[in-house]
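Here the structure is a predicted model, which is why all the values come from computation and not from measurement.
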Amino acid sequence: MTTLKLLRQFSLCENFSDEALLELSQLCHARRFSAGTYLLRQGDVARDAYAIVAGEVAVLRSLPGGGELPLGEVGPGGLVGELGLLADLHRVTSTRALSEVHTLVFERATLMAAYRMGRPAVRDLLWAVLKRVCAQLRQLAQQLLQVLPAAAPWSPQPPLVQEPLFDYARFLPLLPCAPAFGPGGLHQLVALSTARPCAAGEIVFAAEAAATGLALVVRGAVETVGMSAAPTVALQVFGPGAWCGLPAALDRDQQGVAFRAREDSLLLVLSQSDLDSAWLGRDDFAAGLHLAVAEQLADSVLRLVNRLAQHIGLQRAQANLGHAA
């Protein structure tokens, strides 16, 4: 079967045109794995992803203290290792073939080169991967909210003392997301955004509220918390250079968690309408935005998977100690 025909079975490409599939077929290659072998190993640098054409694989997470946490099985039409298409991170899980497996391999370096050349099929594929990762983030957040202990009670803070804004525009090149934008992109970001000071404890985006855009942390820190039921559970902290409001802004859906200023902070707020317009652009600013968001989404999945595994590993260790006693 040709690569083009195999791509038609790939779930993320089900709505792609024949021209787009032909373009993608030139950017991937086939690879087979025998039963019991590993496609991906936890801890390795993530540089590619595998579309499963035939066979099944198990996704596993090694736990502190030993043992593995099964995270699911993936069969024909599925994708594993997708974070490797978004950022240069270390694998947070392993993938093992349960039977003979036939895959199509997408390498990040190849796709990024084609993306920078403006090839629309690659852009559409990466956007589909981003949506998939957004869904994973929502699922991980809900899992953590069910198992993590409650955060310490929040102590009300005095209102933020109004002070002249520091020259944040000159500070932006120092942020981790700056290389994705470049100087021109940072100037455009400032022009499109509105500076918003937030006092410690102030809600930036409320849980279950409709998406209203993104907020870039310039100074201070923002944390995600589950506040739909008492007591509050803290999930993740975002420092300078991180975006708040993902994945709701990309999905144009409700916030799954609340974003709350952990300390006095300064944010650059990009409205939903400006985000939507910029996201569909074909210029350098749009490319920078895509890459910055992709890297953060991948990093967030990595952090939440690590936190979930650590919590489950601790629970198992405590249970073993209890049995031993």
Side-chain angles (χ1 to χ4, degrees), residues 137 141 151-228 232-279 285 288-289 291-293 295-297 299-300 303:
L137 272 178
W154 182 261
S155 300
Q157 300 292 324
L160 183 70
V161 177
Q162 294 296 325
E163 60 182 16
L165 294 178
F166 75 106
D167 190 0
Y168 63 84
R170 296 182 61 184
F171 179 70
L172 292 181
L174 302 178
L175 299 180
C177 65
F181 286 99
L186 291 177
H187 287 303
Q188 191 169 347
L189 176 62
V190 170
L192 289 174
S193 304
T194 302
R196 174 183 170 182
C198 290
E202 183 177 342
I203 298 298
V204 179
F205 298 116
E208 300 180 357
T212 57
L214 291 177
L216 178 69
V217 181
V218 178
R219 183 172 64 176
V222 174
E223 62 182 352
T224 51
V225 292
M227 303 180 68
S228 58
T232 298
V233 175
L235 294 176
Q236 191 174 0
V237 177
F238 299 94
W243 295 97
C244 303
L246 295 169
L250 294 189
D251 290 340
R252 298 175 183 82
D253 201 350
Q254 291 182 333
Q255 300 288 349
V257 295
F259 289 80
R260 179 176 66 186
R262 188 179 179 91
E263 58 190 70
D264 291 354
S265 304
L266 176 66
L267 312 177
L268 280 185
V269 179
L270 185 64
S271 71
Q272 188 69 44
S273 59
D274 285 335
L275 170 63
D276 291 343
S277 297
W279 191 261
F285 178 73
L289 183 62
L291 295 178
V293 166
E295 289 181 1
Q296 181 171 322
L297 286 172
D299 182 70
S300 290
R303 291 178 184 275

Whether Gln296 side chain and Trp243 backbone form a donor-acceptor pair below 3.5 Å | yes
In this structure, CD of Gln255 is separated from OG1 of Thr212 (nearest 0.5 Å) by 7.0 Å
List the steps, then state whether side chain to side chain contact (heavy atoms under 4.5 Å, CB included) holds for Leu297 with Leu250.
-> CA-CA 11 Å; Leu297 286 172; Leu250 294 189; 3.9 Å; yes
To the nearest 0.5 Å, what is the distance between CG (Leu275) and CG (Leu270)?
-> 5.5 Å
Going through the distances and angles, do Val257 and Gln236 end up as a side chain to side chain contact (heavy atoms under 4.5 Å, CB included)?
-> CA-CA 10 Å; Val257 295; Gln236 191 174 0; over 6 Å; no
Check: Ala199 main-chain N/O paired with Asp264 side-chain donor or acceptor under 3.5 Å | no
What's the shortest heavy-atom distance between Gly220 and Val217, and which atoms?
-> O-CG1, 3.7 Å
Heavy-atom pair with the smallest gap, counting every atom of Phe181 and Leu289 = CE2-N, 3.6 Å
Judged by atom type as modelled, is there a donor-acceptor pair below 3.5 Å linking the side chain of Ser265 to the main-chain atoms of Cys198?
-> no
Heavy-atom nearest pair, Ala200 first then Glu263, reads CB-CA, 3.6 Å
Looking only at non-hydrogen atoms, find the nearest pair between Pro240 and Arg219 and report the distance.
-> CG-CA, 4.4 Å
Grab the two heavy atoms, one from Leu216 and one from Cys177, that are nearest each other, plus how far apart they are.
-> CD1-SG, 4.0 Å
Main-chain N/O of Ala248 paired to Gln254 side chain as donor or acceptor, under 3.5 Å = no
Name the one of Leu137, Leu214, Asp251 that satisfies side chain to side chain contact (heavy atoms under 4.5 Å, CB included) with Leu246?
-> Leu214
Nearest heavy-atom pair of Phe238 and Cys244: which atoms, and what distance?
-> CB-SG, 4.5 Å
